[in-house]
Amino acid sequence: MEVTETINMECPKPIFGVTAGGRREGSAQKTQEHRLNPMGFGTALAAGRRPRIRSGWGEWARREHAERAGRSQPPDPRSSVCILIPCPGGTAHAPGPSPVSARPLLPLAATMICLVLTLFANIFQSTCTGVNERTFLAIKPDGVQRHLIGEIIRHFEKKGFKLVGMKLMQASEDLLKEHYIALCDRPFYSHLVEYMRSGPIAAMVWQGLDVVKMARTMIGETNPADSRPGTIRGDFCIEVSKNVIHGSDSIESARREISLWFHTDKLTCWAESTEHWIYE
């Protein structure tokens, strides 16, 4: 089998083909044939070119056509997509479909992006305040054992708050330690965790205007002796170590505790038919 090098005189690009007994005739273009050694590298290497050896004319023609078609097409803009994220230390490049190049964002553009992100953060926060504010309440094991779940729910429903999540569960030690992490240096911490593990807990999420502040008022003081009559602890508790119910003490705590005890997709958003009789 002879290997021939065919050079197109109109185009300096060398073309290599494999023939079975002579040179292959192409178009009317003027060609010049050079003999190569059986390996097919002699003449090309001597001329300082990089030879391309193909194993068949059909395969070569197909690949050559694909390469030329690719060069003739404009570059796909999606292949050079690069997402720039402003960071305190510079510009970060988000992983994208093979970014080709990236330029640092202009200060004005970075400022505008920060403003947009801040706006979205404020919008998201506003959905957790006002009439959509939420708090976390947990009826402790003593309240469950004394069958006070219905009575406590009745208090908040009659007030006008909306129940959006509830489950009866046996809390794990890790969950309780994370829940009471702020009290880990207190001497009663271990006893508190043990007490909360002694039985099932009714975990709830309530929603409404100023629900965090009002729920704390309805629950009463930590010590039942200091709680007013009409509050949950004032009516149903005697000792501080058995004070029936837990309630978030701030909006930040409520968000943390809700995310700790509930998955977001487990909370139910529903329209209450009596809401227009409660809010302006």
Rounded to the nearest 0.5 Å, what separates atom CZ in Phe262 from atom CG in Leu267?
6.5 Å
Which pair of heavy atoms, one from Val144 and one from Pro200, lies closest together, and at what distance?
CG2-O, 3.5 Å
CG on Leu175 to CD1 on Ile201, rounded to 0.5 Å
7.5 Å
Starting from Ile139, can I reach Met214 by hopping between I/L/V/M/F/W/Y residues whose side chains sit under 4.5 Å apart?
yes
Short question: side chain of Tyr195, backbone of Lys242 - any donor-acceptor pair under 3.5 Å?
no
Does some side-chain heavy atom of Met204 sit less than 4.5 Å from a side-chain heavy atom of Trp206?
yes
Flag the pair Lys177 and Glu173 as a salt bridge only when some basic side-chain nitrogen lies within less than 4.0 angstrom of an acidic carboxylate oxygen.
yes
Are Met169 and Leu260 in one and the same hydrophobic cluster, where Ile, Leu, Val, Met, Phe, Trp and Tyr link if side-chain heavy atoms are under 4.5 Å apart?
yes
Asp235 versus Gly230, closest heavy-atom pair with distance:
OD1-N, 2.9 Å
Could you go through the side chain to side chain contact (heavy atoms under 4.5 Å, CB included) check for Arg216 and Asp249 one step at a time?
CA-CA 7 Å; Arg216 292 288 295 186; Asp249 58 1; 3.9 Å; yes
If only atom types and distance count, is the side chain of Arg233 paired as donor or acceptor with the main-chain N or O of Asn243 below 3.5 Å?
yes
Report whether Met196 and Ile245 are members of the same hydrophobic cluster (ILVMFWY, side-chain heavy atoms less than 4.5 Å apart, transitive linking).
no
Heavy atoms, side chains only, cut-off 4.5 Å: are Arg134 and Ile258 in contact?
yes
Without swapping roles, check the side chain of Gln170 against the backbone of Arg197 for a donor-acceptor pair under 3.5 Å.
yes
Please list all pairs passing the salt bridge (Lys or Arg N to Asp or Glu O under 4.0 Å) test where one or both residues lie in residues 137-149, with sequence neighbours left out.
none
When rounded to the nearest 0.5 angstrom, what is the spacing between NE2 in His246 and OH in Tyr180?
5.5 Å
Determine, using the 4.5 Å side-chain heavy-atom cutoff (strictly less than), whether Leu163 and Ile219 are members of one ILVMFWY cluster.
yes
Please tabulate, one pair per line, all N/O donor-acceptor pairs under 3.5 Å involving side-chain atoms of residues 147-161, not counting sequence neighbours.
unit_1 : atom_1 : unit_2 : atom_2 : d
Glu151 : OE2    : Arg154 : NH2    : 2.5
His155 : ND1    : Glu151 : O      : 3.0

Specify the closest pair of heavy atoms between Gly247 and Leu137, including all atoms of both residues, with the distance to one decimal.
CA-CD2, 3.5 Å
Is it the case that the side chain of Ser250 and the backbone of Ser253 share a donor-acceptor pair, with hydrogens and angles ignored and the cut-off at 3.5 Å?
yes
Taking Val240's backbone N and O only, do any of them form a donor-acceptor pair with Asn223's side chain (distance below 3.5 Å, no angle check)?
no
Would you say Ser248 and Glu257 are linked by a side-chain donor-acceptor pair, where the criterion is simply a distance under 3.5 Å?
yes
Is any side-chain heavy atom of Cys237 closer than 4.5 Å to a side-chain heavy atom of Val244?
yes
Member of Ile251, Thr135, Val205 meeting the side chain to side chain contact (heavy atoms under 4.5 Å, CB included) criterion with Val211:
Thr135
Could you check whether any side-chain heavy atom of Ile181 comes within less than 4.5 Å of a side-chain heavy atom of Arg256, counting everything from C-beta outward?
yes
Filter on side-chain hydrogen bond (donor to acceptor under 3.5 Å, both in side chains), then keep only pairs touching residues 259-270, sequence neighbours left out; what's left?
His179-Trp261
Is the side chain of Glu133 donor-acceptor paired with the backbone N or O of Val212 at a distance under 3.5 Å, no angle test?
yes
